[in-house]
Amino acid sequence: ASQSATAPPRRDLAWYRSESRTPALAILALGAATLLIVTVGTLVVLGLNGYTPTRNLILGFKSNEIDGICFLSIGAGLAAVIGGLVIFRRMPTKVSREEAIAGAVLGGQAVVLGLMLLWFSESDAVDKFVTNYFDFERLAPEFGAFVNGAKNTLILAVTSEFFGVILGLILSVFAVSKRAVVRAPARAYINFFRGTPLIWQLVFIGIAIPIGLQINIPTYTAAIIAFSLNTGAYAAEVFRAGIQSIERGQLEAARGLGMSQLQALRYAVIPQAVRRVIPPLMNEFVILVKDTALVLALGLTASGRDLMSVGNFLQNNTFNPTFLIGTMLGYLAICLPSIRLVNILERRLRSGLVGVTA
């Protein structure tokens, strides 16, 4: 009896089946199906009509099939919302109540999307919107430029993250020192670069210093310097949190073995702290990838343009914002896998993250 009392609660498929109820499950299925209809169904209809040329895409949005999807999603979504709210309190188990609420929420989302799509398809903005933002024929000839921009964006981000992490690790060691004369310069550096806008740092290093000191700093080099110095300040705080999350006894035990303060940090504390700060540093990398767009303020040569510079240059030459949609897709292609990797690392290192996030 004592063993069964301490056993973890069941959460297997058989348990969920026993806790689920048919009405709630039906509402959940209805809400999910309705949301799929309005999203996937719209993409299928547009794809059958053709995404290029723009005229085909316009006709797709204005087709009877899109109207049918809108009305179906609105009607079925409302049914899921009403049904979920009606049966919610009648369900005897927590699982079945959650199913009812989930179905109602999904149905509500389908209703909102259906109403928005119906308004858009019936409005006069379809022609202008598609022509200005979904003219995908313009993207194909410039695909190579976007690939080169993605490459340059990654070079900027990876190089700056590498130097920034090294600088941040050094600064964090100084920042946790007991001696104020050692801590003060590190804190001043960290506070300065965290307290001033990144765009100001880019412009000052890339424009103001070359003009004021009459020295030539290549734009690409200036951008890497600015991003590295900025990343170093934020990485230092991440490392400091990781170092201070390690139990004090670890440091004291290392000192008890005859190690100096630096040796104890190097061999006992920092190796453990690094494991804990990997996911936060990955998050900083994702942020840095997006921040590289600020290099637009410095201006780059055609071969050195990043994603944002490519999209902005092509838009200025053609007066068509579709190229900015291409830029957005490029950033998503880089950042979404990185975010997914961060989530995987956080799950695997969750025990080591407790001290950092706290």
Side-chain angles (χ1 to χ4, degrees), residues 8-51 54 56-134 136 325 328-329 332 335-337 339-340 342-344 346-347 350:
R10 290 179 55 194
R11 289 295 185 269
D12 54 11
L13 183 58
W15 178 83
Y16 275 106
R17 287 177 177 174
S18 65
E19 293 291 304
S20 179
R21 296 296 182 269
T22 301
L25 196 58
I27 293 296
L28 177 60
L30 177 61
T34 306
L35 190 59
L36 284 175
I37 289 172
V38 72
T39 53
V40 178
T42 299
L43 293 177
V44 170
V45 170
L46 295 178
L48 292 176
N49 278 273
Y51 290 102
T54 55
N56 289 346
L57 193 56
I58 293 170
L59 292 175
F61 274 114
K62 290 183 172 295
S63 65
N64 293 329
E65 290 81 2
I66 290 292
D67 290 341
I69 287 175
C70 292
F71 289 118
L72 178 60
S73 62
I74 293 170
L78 286 174
V81 171
I82 296 171
L85 295 177
V86 167
I87 70 171
F88 169 71
R89 295 189 180 278
R90 301 178 183 178
M91 293 296 101
T93 65
K94 181 178 179 181
V95 170
S96 59
R97 289 193 294 271
E98 289 298 321
E99 289 174 342
I101 287 297
V105 171
L106 292 175
Q109 294 170 355
V111 171
V112 172
L113 289 177
L115 288 172
M116 291 175 60
L117 181 60
L118 182 63
W119 169 82
F120 178 72
S121 64
E122 297 296 330
S123 70
D124 297 330
V126 175
D127 293 42
K128 293 181 180 179
F129 190 87
V130 171
T131 303
N132 287 321
Y133 296 100
F134 290 160
F136 298 124
I325 301 298
M328 175 200 69
L329 295 175
L332 289 175
C335 292
L336 290 182
I339 293 171
R340 176 61 178 167
V342 171
N343 293 335
I344 294 173
E346 285 181 345
R347 284 197 298 270
R350 188 173 300 276

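In this structure, D67 and E122 have side chains that are in contact, with non-hydrogen atoms separated by less than 4.5 Å. The shortest side-chain heavy-atom distance between F120 and V126 falls under the 4.5 Å cut-off. The closest side-chain heavy-atom distance from F61 to V45 is not below 4.5 Å.
Heavy atoms only, all atoms of each residue included: T42 and V38 are closest at OG1-O, 2.6 Å. Of all the heavy atoms in L46 and G60, the pair that sits closest is CD2-C, 3.6 Å. Heavy atoms only, all atoms of each residue included: A102 and L28 are closest at CB-CD1, 3.7 Å. Counting all heavy atoms, side chain and backbone alike, E99 lies closest to A24 at OE1-CB, 3.7 Å. Annotation for V111 and L78: closest pair CG2-N, 3.4 Å, computed over non-hydrogen atoms. Residue A76 comes nearest to L30 through the heavy atom pair O-CD2, 3.9 Å, listed as atom of the first residue, atom of the second, then distance.
Judged purely by atom type and a 3.5 angstrom limit, S73 uses its side chain to pair as donor or acceptor with the backbone of I69. No side-chain donor-acceptor contact under 3.5 Å links T54 to the backbone of T131. With hydrogens and angles disregarded, no donor-acceptor distance shorter than 3.5 Å links the side chain of R89 to the backbone of I87.
The structure places OH of Y16 at 12.5 Å from OG of S96, a figure rounded to the nearest 0.5 Å. Expressed to the nearest 0.5 Å, how far CG of L48 lies from CG of N56 amounts to 11.5 Å. In this structure, CZ on R17 lies 10.5 Å from CG on L25, to the nearest 0.5 angstrom. The distance from the CG atom of L36 to the CG atom of L106 is 9.0 Å, given to the nearest 0.5 Å. Here the OG1-CG distance, from T39 to L117, works out to 10.5 Å after rounding to the nearest 0.5 Å.
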Check against side chain to side chain contact (heavy atoms under 4.5 Å, CB included), F134 and I58: CA-CA 10 Å; F134 290 160; I58 293 170; over 6 Å; no
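Within a 6.0 Å radius of CE in M116, no more than 12 heavy atoms belonging to other residues, nucleotides or ligands are found. Atom NZ of K62 has more than 12 neighbouring heavy atoms from other residues, nucleotides or ligands inside a 6.0 Å radius.
Not counting sequence neighbours, F71 has no partner by the ring pair (Phe, Tyr, Trp, His ring centres under 6.0 Å) test.
Between F129 and Y133, the ring planes are tilted. Angles from 30° to 60° get that label.
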